[in-house]
Amino acid sequence: QVFQDLGTSVLSGAIKGYNVCLFAYGQTGSGKTYTMMGTPTSVGLTPRICEGLFSREEEDSEEPTSCRIEVSFLEIYNERVRDLLKGSDQKKPFTLRVREHPEKGPYVQGLSQHLVTDYKQVVQLLEEGIANRITAATHVHDASSRSHAIFTIQYTQAILENNLPSEIISKINLVDLAGSERADPNYCKDRLTEGSNINKSLVTLGIVISALVSAPSGGGSSSSNRRQCYIPYRDSVLTWLLKDSLGGNSKTIMIATVSPASTSYNETVSTLRYAAHAKNIINKPRVNEDANVKLIRELREEIDRLKGLLMSLELVCTVDFLSFAENATLKDLSIREKNFHIEQLTKDWTDKWKDKKAIMEEYNMDINRGKAGVMIDSHLPHLIAMEEDILNTSVVLYHLRDGTTKIGRGSVEQEQDIVLQGPWVEREHCCVDNDKGVVTLRPAKGALCTVNGHEITDSCRLSQGAVIVLGRTYKFRFNHPAEAAILRQRRS
Ligand SMILES: Nc1ncnc2c1ncn2[C@@H]1O[C@H](COP(=O)(O)OP(=O)(O)OP(=O)(O)O)[C@@H](O)[C@H]1O
């Protein structure tokens with residue numbers, strides 16, 4: 001029911017392109033983690049929201065949109081930020097720094113982002129992150145979350161609007177705060193430091209909320225308002241990271257969790273007061289559409305407006321023909337200029353898009369598979385340079401297209417497709433012919449070429465996995481994806 005009441009509006013906000021934030025606030029043991037994360041039998045808001053994003057993607061697969069979902073998971077413990085998805089091999093787990101980008105706002109430097117393609121992957125990451133969270137027994141709750149946890153989903157939609165490719169990016173922050181209990185002197189020292197740090201974040205959150213409520217126009221985000229009323233976001237890591245969610249470009253929902261026990265009366269009243277106060281903040285969310293596409297749309301609207309104006313002038317023209325002609329020419333010029341501007345922008349934009357698409361079609365790219373790896377799959381035969389120079393840090397892949405690929409030092413008269421330098425390389429060292437998938441290496445006379453350790457002087461057909469050395473220093477591995485696929489099938 002909580003998902004129906006609140007989760008669905010998180011989804012619809014994100015799909016429209018707004019930033020959304022949902023956070024749970026309340027005393028220890030009142031059900032914040034239960035609400036946000038849930039249990040295997042009673043699934044919480046976070047996994048349900050992720051599921052909603054994926055099921056929406058499947059439903060809309062007919063439309064010309066495509067989505068990318070990236071997630072990150074961090075906790076703030078004792079005012080330090082820790083990546084919950086970076087495995088246990090971190091040497092310095094608490095060293096992530098919060099920084100502020102002039103346009104995008106505060107962010108955590110070095111926080112791992114994980115590209116997810118289905119719901120199962122999200123659940124795995126969530127479980128991994130939850131297991132890494134710091135919990136401890138308090139007097140009321142024996143698995144109490146000692147930290148504030150922020151699960152962030154970056155939801156990017158690529159859409160085609162009036163034949164114009166554009167991207168809409170929305171950020172969903174799902175926050176499970178630590179318990180709002182007071183630091184109890186009966187706790188041991190660590191718990192006390194923790195308690196005061198948890199409270200520091202929550203107290204600052206309270207101060208920020210109060211400041212936003214009393215800010216002119218209910219916490220609007222314009223800079224003049226900010227100048228009149230200082231909001232101490234940077235006094236705690238939590239409020240700094242949630243700056244946009246609290247008083248800016250975000251649709252924000254606060255869930256207050258309270259205990260039904262009469263012994264918790266005071267805490268319950270304080271939570272409800274906190275929530276009632278927070279209710280008065282007025283944010284100014286906006287759709288995060290691409291600035292170029294926005295400009296093009298606005299210019300188009302302006303043209304339509306001017307065209308309308310021109311038509312109405314035409315009606316008046318019988319009354320004052322001369323002034324109409326003058327006006328019309330001016331308007332016409334303005335329209336032409338704007339049309340030109342739009343055409344130029346559209347062209348730049350579409351070209352950029354096409355280039356990207358062409359590259360993506362040629363290379364089948366999958367980033368982040370296996371968390372740290374970058375994989376490039378290509379369906380064309382290619383050479384991969386195996387560098388001997390330990391100072392060379394790039395990975396180079398040369399495609400061998402249909403026809404001839406010339407390799408050598410090159411000269412003014414004879415340019416080479418792959419240029420190699422060095423004393424052992426001839427100006428025209430060798431050629432690689434690709435005749436409808438049959439790939440042959442043709443060494444030039446006197447050029448040093450070896451294939452799988454054998455020096456060759458005549459044409460030699462290359463097979464999948466061949467190791468080629470040109471000159472004495474250039475080593476390549478030959479890959480033939482189509483041949484490899486047949487070999488794999490035979491092997492299985
Ligand atoms: N609405 C609910 N229905 C059933 N069980 C619940 C409900 N809310 C909370 N619980 C149970 O109460 C216990 C405490 O809940 P939870 O861990 O969510 O508290 P919390 O507010 O996150 O506490 P802390 O701030 O100490 O982390 C858990 O065992 C949880 O399963």
Side-chain angles (χ1 to χ4, degrees), residues 1-7 10 21-50 73-82 84 123 126-151 173-188 190-206 209 236-239 241-242 253-275 278:
Q1 189 181 339
V2 177
F3 175 74
Q4 283 307 331
D5 290 348
L6 304 171
V10 171
C21 173
L22 194 152
F23 68 96
Y25 177 93
Q27 95 184 82
T28 284
S30 55
K32 295 180 295 295
T33 308
Y34 183 80
T35 308
M36 296 305 292
M37 307 297 174
T39 59
T41 47
S42 179
V43 181
L45 282 174
T46 305
R48 278 177 199 267
I49 288 167
C50 295
F73 201 4
L74 64 86
E75 77 173 344
I76 304 169
Y77 177 70
N78 280 346
E79 286 301 284
R80 292 176 182 188
V81 179
R82 192 164 80 115
L84 290 174
V123 173
L126 263 175
E127 280 171 358
E128 187 185 324
I130 291 170
N132 284 335
R133 261 189 94 177
I134 287 171
T135 56
T138 61
H139 61 315
V140 281
H141 184 193
D142 57 7
S144 173
S145 317
R146 312 307 305 153
S147 63
H148 308 290
I150 306 182
F151 186 76
N173 277 324
L174 302 168
V175 189
D176 178 13
L177 295 175
S180 59
E181 78 280 1
R182 284 153 298 176
D184 188 320
N186 295 330
Y187 293 159
C188 67
D190 275 358
R191 294 283 87 84
L192 254 178
T193 328
E194 240 180 42
S196 54
N197 271 329
I198 289 170
N199 268 357
K200 179 178 175 189
S201 279
L202 294 173
V203 167
T204 314
L205 183 64
I209 289 173
S236 81
V237 175
L238 177 75
T239 47
L241 274 179
L242 295 182
I253 299 168
M254 172 177 176
I255 298 178
T257 57
V258 293
S259 156
S262 60
T263 45
S264 303
Y265 176 80
N266 285 340
E267 288 288 348
T268 300
V269 171
S270 129
T271 302
L272 293 178
R273 227 178 249 142
Y274 210 96

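First listed ligand is number 1; within each ligand, the first listed atom is number 1. Residue numbers count from 1 along this sequence. Every value quoted in this text rests on a predicted model; they were computed, and no experiment measured them.
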Worksheet item: When rounded to the nearest 0.5 angstrom, what is the spacing between CZ in F151 and CG in L84?
Response: 10.5 Å
Worksheet item: Which atoms of ligand 1 are found less than 4.0 Å from any heavy atom of S30?
Response: 19 (O), 21 (O)
Fill in: Gap separating the CE atom of M36 from the CD1 atom of I150, nearest 0.5 angstrom
10.5 Å
Discussion item. Using the rule side chain to side chain contact (heavy atoms under 4.5 Å, CB included), only one of D5, L177, L45, D176 pairs with I255; which is it?
Written reply: L45
Practice prompt. Would you check the N or O atoms of K32, main chain and side chain alike, for any that come under 3.5 Å of an N or O of ligand 1?
Written response: yes
Worksheet entry | Atom pair OG1 (T35) and OH (Y25), whose distance is rounded to the nearest 0.5 Å | 15.0 Å
Worksheet entry | Any N or O of G29 closer than 3.5 Å to N or O of ligand 1 | yes
Worksheet item: Taking only heavy atoms of G31, which atoms of ligand 1 are found under 4.0 Å from at least one of them?
Response: 8 (N), 9 (C), 15 (O), 16 (P), 18 (O), 19 (O), 20 (P), 21 (O)
Discussion item. I'd like to check whether T257 has a polar contact with ligand 1, where a contact means an N/O of the residue lying under 3.5 Å from an N/O of the ligand.
Written reply: no
Item to complete: Could you tell me the separation between the OG1 atom of T33 and the CD1 atom of I130, rounded to the nearest 0.5 Å?
Response: 8.5 Å
Practice prompt. Please state whether Q27 comes within less than 4.0 angstrom of ligand 1, counting heavy atoms only.
Written response: yes
Discussion item. I need the atoms of ligand 1 closer than 4.0 Å to a non-hydrogen atom of G179, numbered in the order shown.
Written reply: 25 (O)
Discussion item. Quick check for you: to the nearest 0.5 Å, what is the distance between E127 atom CD and N132 atom CG?
Written reply: 12.0 Å
Discussion item. Any non-hydrogen side-chain atom of C21 less than 4.5 Å from a side-chain atom of V175?
Written reply: yes
Practice prompt. Say whether G26 and ligand 1 are in contact under the criterion: heavy-atom distance to a ligand atom below 4.0 Å.
Written response: no
Worksheet item: Within the structure, does T33 bring an N/O atom to less than 3.5 angstrom of an N/O atom in ligand 1?
Response: yes
